[in-house]
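Below you'll find the structure, written out as structure tokens, and then a few comments.
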Amino acid sequence: MLGPPGVGKGTQAKMLVQALGLKHIASGELFRRNQTRGTDLGVKAQGYISLGNLVPDEITIAMVLEEVLSEPSKDGFILDGFPRNMVQVESLHQALKDIETNIDCAVLLAVPRDELLKRLTGRRLCTKCQANYHLMSSPPGRSGLCNHCDSPLYQREDDMSIAVNTRLEVYYSETRPIIDYYDSLGCLRQIDGVGAVGEVAYRVSNSC
Ligand code: ADP
Ligand code: ZN
């Protein structure tokens with residue numbers, strides 16, 4: 001799943017995972033899990049993430065490839081948030097070659113920049129079950145509390161406006177070029193990410 005921060009990669013990946021039984025490998029979630037547990041990796045990544053920068057490749061690549069290679073699922077997997085630059089692309093393809101597999105489809109979700117900013121700054125997450133809310137488009141039933149488990153909601157530090165601007169800049173400078181690479185392989189599918197979650201999911205599932 002490719003596309004800028006806030007475009008809905010995680011939401012769409014979760015829908016595809018349910019529909020197709022794939023393994024979901026989300027680099028941002030792997031980092032947040034490490035941060036919650038207070039692991040060395042989580043501590044090292046914290047400063048980069050809170051400022052909206054990429055975590056260095058030597059940390060990120062090892063973390064994600066371990067997940068890709070640990071239980072190679074026969075039905076495949078969805079990568080969400082990785083790769084994000086050409087070094088990561090090359091490491092990924094080398095690792096996949098070693099296990100004789102490949103990327104079938106690169107789904108690029110597109111949404112205008114002002115919509116991305118609204119989505120990111122209004123996003124709230126459950127502290128316990130990670131359920132996703134939005135203050136305007138999908139608010140919880142009771143303000144500040146999760147509909148599923150009653151736990152308090154929080155705002156990701158990197159969804160606050162300074163880090164959001166950096167994340168968008170980093171996306172356009174470092175991640176955009178990998179789109180041309182997947183396009184040149186002939187496996188890029190560009191999807192309009194504006195609309196209800198179910199509508200976008202329908203477009204995505206018809207594209208691959
Ligand atoms: P989003 O896609 O909405 O920006 P993620 O949850 O995917 O959010 O990522 C959050 C942060 O984790 C990123 O801003 C970055 O600091 C770090 N991160 C995630 N994936 C990578 C990656 N592939 N390479 C480097 N840093 C990453
Ligand atoms: Zn919850």
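Order of listing sets the numbers, starting from 1, for every ligand and every atom in it. The basis for the numbers below is simple: all heavy atoms, side chains too, and nothing from hydrogens, waters or symmetry mates.
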task: Report the member of Asn53, Thr175, Val87 with the shortest heavy-atom distance to atom 16 (O) of ligand 1.
output: Asn53

query: Which protein non-hydrogen atom lies closest to atom 24 (N) of ligand 1, naming both residue and atom, and how far is it?
result: Gln88 NE2, 2.9 Å

task: Return yes or no for this condition: an N or O of Gly81 is under 3.5 Å from an N or O of ligand 1.
output: yes

statement: The reported gap from CG in Leu65 to CE in Met63 (rounded to nearest 0.5 angstrom) is 10.0 Å

- prompt: Closer than 2.8 Å to the Zn ion (ligand 2), do we get an N, O or S atom from Cys149, backbone or side chain?
  reply: yes

- prompt: Does any N or O atom in Val55 lie less than 3.5 angstrom from one in ligand 1, N or O only?
  reply: yes

task: Please state whether Arg156 comes within less than 4.0 angstrom of ligand 1, counting heavy atoms only.
output: yes

query: Which is closest to atom 6 (O) of ligand 1 by heavy-atom distance: Lys9, Arg32, Glu29?
result: Arg32

query: Under 4.0 angstrom from ligand 1, any heavy atom of Arg123?
result: yes

- prompt: Quick one: nearest non-hydrogen protein atom to atom 11 (C) of ligand 1, plus distance?
  reply: Asp158 OD2, 3.9 Å

task: Measure the distance from atom 13 (C) of ligand 1 to every protein heavy atom, then report the residue, atom name and distance (to 0.1 Å) of the closest one.
output: Arg84 NH2, 3.9 Å

- prompt: In terms of residue, atom name and distance, what is the protein heavy atom nearest to atom 20 (N) of ligand 1?
  reply: Ser27 OG, 2.7 Å

field: Side chain Ser50, main chain Glu157, donor-acceptor under 3.5 Å
entry: no

query: Which heavy-atom pair separates Arg119 from Gly8 by the least distance, and what is that distance?
result: NH1-N, 4.3 Å

